[in-house]
There are 2 protein chains.
Amino acid sequence: MGRKASVGYDELIESLTKVFRNVGYEAASLSLLEKATGLKKASLYHRFPQGKEQMAHEIIGVIKIWMENNILTILSSDAPPEERIELLTHCLNNLYSGGQDACIFNTFSFPQDRNSPFREEIKSMVFAFIKGLAGVIADAGYDQKESYARAERAVMLLQGSLVISRAIRSERPFRDILSRLDIELIG
Amino acid sequence: MGRKASVGYDELIESLTKVFRNVGYEAASLSLLEKATGLKKASLYHRFPQGKEQMAHEIIGVIKIWMENNILTILSSDAPPEERIELLTHCLNNLYSGGQDACIFNTFSFPQDRNSPFREEIKSMVFAFIKGLAGVIADAGYDQKESYARAERAVMLLQGSLVISRAIRSERPFRDILSRLDIELIG
DNA sequence: GTCTATAGTAAGATAGAC
DNA sequence: GTCTATCTTACTATAGAC
């Protein structure tokens, strides 16, 4: 039997995610990751033998599963559209820490050569999110084309509000968008 | 008299900007900057004695001036609002290369410790842009509060569309937003 | 499983020839 | 003004003790 880990997998991933999403793949140095996780470089390599690239892949995988189990599950439930959007709003507020944390859709989409591997995963997650939203909007009575357009627009507003919130260092833009998400989607 | 530069200041700044905005400050290594400019490290240090940090500051300064001379000048002209927005649209399409290039509002807002110096400059540029837009909207008859809200919202949509366009590798979302910018602002 | 110690590599930055 | 060569530092990654 192996020795017990001082840091559980889940909290390890959470610490790594916080760094990666907020500074980007290249800037996420092992020293930053050491500080964030409380583990030394060698220990990180013990957990992730392929180093940074593996860490990035695993946090993306975990986020993907989280997204399926939370956001997408909420969106495809049989509750009324208004209720689903209400739940989604809380979910997103939690995911982005009220506008303080960046989104990997943004951070991991910058062209940093080698890591094009995870750009494909990001792309499919973006589409999954938009399609999930479009489903709710369609359930509220909009036609398919309009539903997709509204969904995509909402994602843009969310991403844009995160950009502006970070740029002006105020969570207010993000909160504003989140508080009007229902109107944006099915209003 | 000094020897003639093989690369003029303007095209040098342009090459540097292309790298910085699209990969971010940390990932903009001197080898990337060498390739982009065609100058060797030592030559770059001759032009920018304080290295990367100075390069970043100067490209931001140049963009700021460009923004004042183009975007802000257009927005504060005495042409009718519709006409100003039409000019702005072409300006933005050019600035972002039709959705292919990232915005420094986004790239330079990530928390990379030391370079907090330029976060203040970015912040003021974001506000200047929003206020410039709000002016046009107010001229079209909207009250101040609504004008500001619409302006901020338009900036979010632009930024968000750039994020999504990069994420799904299609300029379509950006083009869609740009083509509806007039409706978004004063429609 | 985590650590200290240490390679090995790429980064930022200078010195000096042309 | 640009270059090659070099220095120093930081980073990624590994070896081996506990």
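Order of the sequence lines fixes the chain letters, A, B, ..., with proteins taken first and strands second; residue numbering starts at 1 for each chain.
In this structure, the NZ atom of Lys52(A) is 18 Å from the P atom of dT9(C), given to the nearest Å. For the pair Tyr9(A) OH and dT2(C) P, the computed distance is 14 Å after rounding to whole Å. Rounded to whole Å, atom P of dC3(D) lies 16 Å from atom NZ of Lys4(B). Atom CG in Leu30(A) sits about 16 Å away from atom C1' in dT2(C), given to the nearest Å. Rounded to a whole Å, the CG atom of Leu12(A) is 13 Å from the C1' atom of dT2(C). The nearest whole Å value for the distance from the CG atom in Leu33(A) to the P atom in dA13(D) is 11 Å. One atom, CD of Glu26(A), and another, C1' of dT12(D), lie 12 Å apart when rounded to the nearest Å. Put simply, CD on Glu11(B) is 15 Å from P on dG1(D), counting in whole angstrom units.
Using modelled atom types and a 3.5 Å distance limit, the side chains of Gln50(A) and His57(A) yield no donor-acceptor pair.
Taking a 4.0 Å limit (strictly below) on heavy-atom distances, residues 39-49 of chain B reaches DNA chain D at Leu39(B), Lys40(B), Ala42(B), Ser43(B), His46(B), Arg47(B).
Phosphate proximity of dT2(C) to Ser6(A): present, with a side-chain N or O under 4.0 Å from OP1 or OP2. Taking 4.0 angstrom as the limit, Ser31(B) places a side-chain polar atom (N or O) nearer than this to OP1 or OP2 of dA11(C). A close approach under 4.0 Å does not occur between any side-chain nitrogen or oxygen of Ser29(B) and OP1 or OP2 of dA10(C).
A donor-acceptor pair under 3.5 Å links the side-chain atoms of Glu34(B) to the main chain of Lys41(B), judged by distance alone. No donor-acceptor pair closer than 3.5 Å links the side chain of Lys52(A) to the backbone N or O of Ser29(A).
Residues passing the side-chain contact (heavy atoms from CB on, under 4.5 Å) test with Ala128(B), sequence neighbours excluded: Met67(B), Leu72(B).
With a 4.5 Å cut-off on side-chain heavy atoms, Leu185(B) and Val136(B) do not count as touching. Put simply, the side chain of Arg119(B) does not reach to within 4.5 Å of the side chain of Ile122(B), judged on heavy atoms.
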Return a table of donor-acceptor pairs under 3.5 angstrom between the side chains of residues 87-97 of chain B and protein atoms on other chains or two or more places apart.
unit_1   : atom_1 : unit_2    : atom_2 : d
Thr89(B) : OG1    : Ile85(B)  : O      : 2.8
His90(B) : ND1    : Glu86(B)  : O      : 3.0
Ser97(B) : OG     : Asp101(B) : OD2    : 2.7

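Contacts of Ala28(B) with the nucleic acid, taken as non-hydrogen atoms under 4.0 Å apart, involve only primed sugar atoms and P, OP1 or OP2.
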